[in-house]
Enquirer: 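Can you read through this structure? Questions will come right after.
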Amino acid sequence: MTYTYRGDDRDVTGDGPGGAARIRDAAIDLYGRRGFDHVTLKDIAVAAGVSAPLVIHHYGSTAGLRTACDHHIADQISRSKTDSVHRGHLPRSYVTELMQTQKHLLLYLFRAFAVGGEQTDHLFDQLVEDSLVYTAEGEELGLVHPSSDPRRRAVIMMLQSFGALLLHRQMKRHLDIDPIDGPPEDMGPYMAGVLELYTQPVLNADVYRNLMDIDDDTHPGAQP
């Protein structure tokens with residue numbers, strides 16, 4: 001069934017009770033709780049208190065709505081991390097921070113990364129690009145050490161943080177912590193472990209240097 005907007009619904013500015021922002025927020029909540037394959041535009045319209053044609057009017061299609069959700073979530077994460085840096089705080093785990101402040105966004109990301117696909121690729125790319133900006137600000141403030149390859153570091157940190165979502169069952173089994181269904185306050189021990197990994201050396205300094213030498217030797221363009 002194809003919906004056609006008739007032009008007689010309420011607010012179309014995005015700020016009122018029938019606007020685009022309310023529709024987007026309802027979609028994020030439903031997608032996070034049910035998954036992408038079990039939510040219809042009609043479900044979202046009902047949750048937002050609007051008509052289904054108004055959803056199409058604002059976003060054009062399910063794909064357009066999904067893109068808007070992705071952009072909003074990436075923006076919210078970037079804002080949160082940037083604010084944290086400006087307050088002089090060492091950036092925390094992405095998963096832990098979302099768990100404590102905006103769990104509905106965390107659940108959406110869990111669903112997105114589990115499904116994968118080109119749309120998720122774009123979302124992950126945006127998260128990486130944004131992290132390069134606020135991490136660079138953190139370096140300028142002395143909160144973060146410089147990296148020989150900032151983009152590589154950013155990607156690895158994203159993989160480590162959000163990979164925990166997909167392995168939430170194993171986290172529950174071994175640490176008795178569930179980032180998906182558990183309460184935010186249970187994440188303390190996990191956060192302590194993450195901070196230890198980030199702030200305390202794991203490898204012997206001499207061994208670490210040898211590993212860096214190996215990386216330099218295998219890097220394209222390395223001198224013999």
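Just so it is clear, the model here is predicted, and its values are computed rather than measured.
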Enquirer: Output the distance between atom CD1 (Ile177) and atom NE2 (His168), rounded to the nearest 0.5 Å.
Expert: 14.0 Å

Enquirer: Do Thr67 side-chain atoms and Ala63 backbone N/O form a donor-acceptor pair below 3.5 Å?
Expert: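 Yes, the answer is positive, given that a donor and an acceptor are paired below the 3.5 Å cut-off.
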
Enquirer: So is Arg66 actually on top of Phe36's ring, under 6.0 Å and inside 45° of the axis?
Expert: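 Yes, Arg66 sits over the ring of Phe36.
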
Enquirer: Can Ile77 be reached from Ile156 by stepping across I, L, V, M, F, W or Y side chains whose heavy atoms are under 4.5 Å apart?
Expert: no

Enquirer: Show the numbers, then the answer: is there a salt bridge (charged side-chain N to carboxylate O under 4.0 Å, His left out) between Arg87 and Glu137?
Expert: CA-CA 12 Å; Arg87 292 194 303 268; Glu137 292 188 31; over 6 Å; no

Enquirer: Could you tell me whether a side-chain N or O of Tyr59 sits under 3.5 Å from a main-chain N or O of Ala20, the two making a donor and an acceptor?
Expert: yes

Enquirer: Are His86 and Tyr134 close enough that their ring centers fall under 6.0 Å?
Expert: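 His86 vs Tyr134: aromatic centres not under 6.0 Å.
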
Enquirer: Quick one: CD1 on Ile28 to CG on Leu107, what's the gap to the nearest 0.5 Å?
Expert: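 It is 11.5 Å, given to the nearest 0.5 Å.
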
Enquirer: Any carboxylate oxygen within less than 4.0 angstrom of a Lys/Arg side-chain nitrogen, looking at Arg151 and Glu129?
Expert: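 The answer is yes: the pair qualifies as a salt bridge.
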
Enquirer: Students often mix this up, so state it plainly: with edges at 30° and 60°, are the rings of Phe124 and Phe113 parallel, tilted or perpendicular?
Expert: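 Correct class here is perpendicular.
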
Enquirer: Distance alone, cut at 3.5 Å: any donor-acceptor contact between the side chains of Gln76 and Arg79?
Expert: no

Enquirer: Within the 4.5 Å heavy-atom criterion, are His104 and Tyr31 side-chain neighbours or not?
Expert: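 His104 does not reach Tyr31 side chain to side chain.
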
Enquirer: So, the side chain of Arg34 versus the backbone of Val39: is there a donor-acceptor pair under 3.5 Å, distance only?
Expert: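 It does not hold such a pair.
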
Enquirer: Less than 4.0 Å between a side-chain N and a carboxylate O, is that true for Arg153 and Asp149?
Expert: no

Enquirer: Check whether any side-chain heavy atom of Lys172 sits under 4.5 Å from a side-chain heavy atom of Leu167, and report yes or no.
Expert: no

Enquirer: Any chain of hydrophobic side-chain contacts (each under 4.5 Å) joining Leu166 to Leu127?
Expert: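 Shared cluster, yes.
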
Enquirer: If you define the side chain from C-beta out and look only at heavy atoms, does anything of Asp186 sit under 4.5 Å from Asp178?
Expert: no

Enquirer: Would you say the side-chain atoms of Asp43 pair up with the backbone N or O of Thr40, donor to acceptor, closer than 3.5 Å?
Expert: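 Such a contact is found between Asp43 side chain and Thr40 backbone.
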
